[in-house]
There are 2 protein chains.
Amino acid sequence: MTGQVRTVDGRVAGRRGQATRQKLLDCLSEMLSSSPYRDVKVIDVARKAGTSPATFYQYFPDVEGAVLEIADQMAAEGAGLTELLEGRSWAGKSGWQTAQELVDGFLDFWKKHDAILRVVDLGAAEGDKRFYKIRMKILNSVNNSLADSIAELQSKGRVDKDVNPSAVAGSLVAMLAAVAAHQRGFSSWGVKQAELKPNLALLIHLGVTGRKPSK
Amino acid sequence: MTGQVRTVDGRVAGRRGQATRQKLLDCLSEMLSSSPYRDVKVIDVARKAGTSPATFYQYFPDVEGAVLEIADQMAAEGAGLTELLEGRSWAGKSGWQTAQELVDGFLDFWKKHDAILRVVDLGAAEGDKRFYKIRMKILNSVNNSLADSIAELQSKGRVDKDVNPSAVAGSLVAMLAAVAAHQRGFSSWGVKQAELKPNLALLIHLGVTGRKPSK
DNA sequence: ACTTGTCCTGTCATGCCGTCAGCTTACCGA
DNA sequence: TCGGTAAGCTGACGGCATGACAGGACAAGT
């Protein structure tokens, strides 16, 4: 599938090289969690990995290039979010459960990868197509499933005809992502995480079905 | 109210100084729109403003400091978003209109200031309290009004008791902000801006009142 | 013209960036 | 065992941004 890992100057990376490369990625990932993206420097990453800046440039064109690599790995994992919705029902009590599990799974995923997701979000918002594409890959998995569910309910006449399934699904997914990214912000509104989740699930359920959930 | 404008080394800025200072802010603002935050350098801002880097450092400790200044000015303007909700009703047809006008006003504001808001969002997500505070200032104006509306409807028994007004309001506001920041993303889902707005308004209305709007 | 305080810039030490040439290490076949 | 070859790593370097300072330019009042 994916060709061999290559260095910037075209060499094929062997065992040792791949290990260094991965170590650099791991260290960069860690740095993104602890310091502002703007202040992450190649030399710091290299130092942390116990190597030299020149080595970093052997494997990545620049910091952004390495970030894209990390983001790609995460996006691959993110494709699994589809499972949160595959084959689920939005009817009755199981609908409420579907909404809850979606919120839970999504928030967990975001929390796990929050540092890299912040950067991806920024890159996408700034109009960088590469970041944009990665963000899409993650959100699409959830968005498409949601849009399908809404469209199906719509075809059964249980959702108004002037609803645009993609627009609603996209907005709900954006909401999930935004809330996940700013979970801390809610505490200053006096909202604890445990309270937040059911209310999010409620909004999801309302958005998808147009009705309050029966619990 | 606010004390005089001061330089980094404590001098009071006069008319001429304030003009240069503002020019630097304007140029920085422009650069944020055209290039990634990570790549905005002091020397470029200074060049664009027809001055020297040293001058920049006379008025701001660093790029971040200047960005905070711009963000503050914007936040002051953003406080006016409250008007979108003050004294509005959520009942019947006027409720639908309230939702629509909120969406319109909010999206316009975000579009107008998207570059600086991206950076504020990033700073807040990274845990920087100064950016966080600014973000709050803007969102609070809308959030509080929304939460009040929900709480009021709740006290009248028109909204379920286990709904947390702050949590719902916060989530809806986060949704608005996220959709505004990634409006471009929706086009790849085949959703045009004109279609997006009414669907957003629908979600807002559903979230606040728990019911579909009567149009 | 002189003083005072504001305003701007030339210059400098420091540190990161990104590249290259060249050295070291690992692997492999004879 | 012994080169040969390709992978792997780094010291060193020019270039540029940073941030500090001292000193010169300027405007306004006396």
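Throughout, a chain's letter reflects where its sequence line sits, starting with A, and its residues are numbered from 1.
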Fill in: Sugar-phosphate, base or nothing in reach of F60(B), heavy atoms under 4.0 Å
nothing
Discussion item. Considering every strand and a 4.0 Å limit on heavy-atom distances, what is the contact class for R21(B): base, sugar-phosphate, or nothing?
Written reply: nothing
Worksheet item: What nucleotide among dA17(D), dG18(C), dC8(C) has an atom nearest to a side-chain atom of R47(B)?
Response: dA17(D)
Worksheet item: Side chain of A54(A): nearest nucleotide among dT19(C), dG8(D), dA17(D)?
Response: dT19(C)
Response to the item:
Closest of dT9(C), dC9(D), dC17(C) to the Y57(A) side chain is dC17(C)
Item to complete: Can you figure out which of dG19(D), dC8(C), dT9(C) approaches the side chain of T20(B) most closely?
Response: dC8(C)
Worksheet item: Which of these nucleotides, dT9(C), dT10(D), dG19(D), is closest to any side-chain atom of D62(B)?
Response: dG19(D)
Worksheet entry | R11(A) side chain, from C-beta outward: closest of dC9(D), dA17(D), dG18(C) | dC9(D)
Item to complete: Between D44(A) and P53(A), just flag the one whose closest nucleotide in DNA chain C comes earlier from the 5' side.
Response: D44(A)
Discussion item. Parallel, tilted or perpendicular, judged at 30° and 60°: which one describes the rings of W189(A) and F186(A)?
Written reply: perpendicular
Discussion item. Does dG10(C) have OP1 or OP2 under 4.0 Å away from a side-chain N or O of S52(B)?
Written reply: no
Worksheet item: What distance separates I204(A) CD1 from L172(A) CG, expressed to the nearest 0.5 Å?
Response: 4.5 Å
Worksheet entry | Nucleotide of dC16(C), dT9(C), dG19(D) approaching I43(A) most closely (side-chain heavy atoms) | dC16(C)
Worksheet item: Side chain of R16(A): nearest nucleotide among dT10(D), dA7(D), dG8(D)?
Response: dG8(D)
Discussion item. Looking at E83(A), I want to see if its CD is surrounded by more than 12 non-hydrogen atoms of other residues, nucleotides or ligands under 6.0 Å.
Written reply: no
Worksheet entry | N199(A) side-chain N/O to N164(B) backbone N/O, donor-acceptor pair under 3.5 Å | yes
Practice prompt. Look at the side chain of Q58(A) and decide which nucleotide, out of dT18(D), dT19(C), dC9(D), has an atom nearest to it.
Written response: dC9(D)
Practice prompt. Look at T51(B) and dT9(C) and indicate whether a side-chain polar atom (N or O) is within less than 4.0 Å of OP1 or OP2.
Written response: yes
Worksheet item: Is there a donor-acceptor pair closer than 3.5 Å between any side-chain N or O of N143(B) and the backbone N or O of G170(B)?
Response: yes
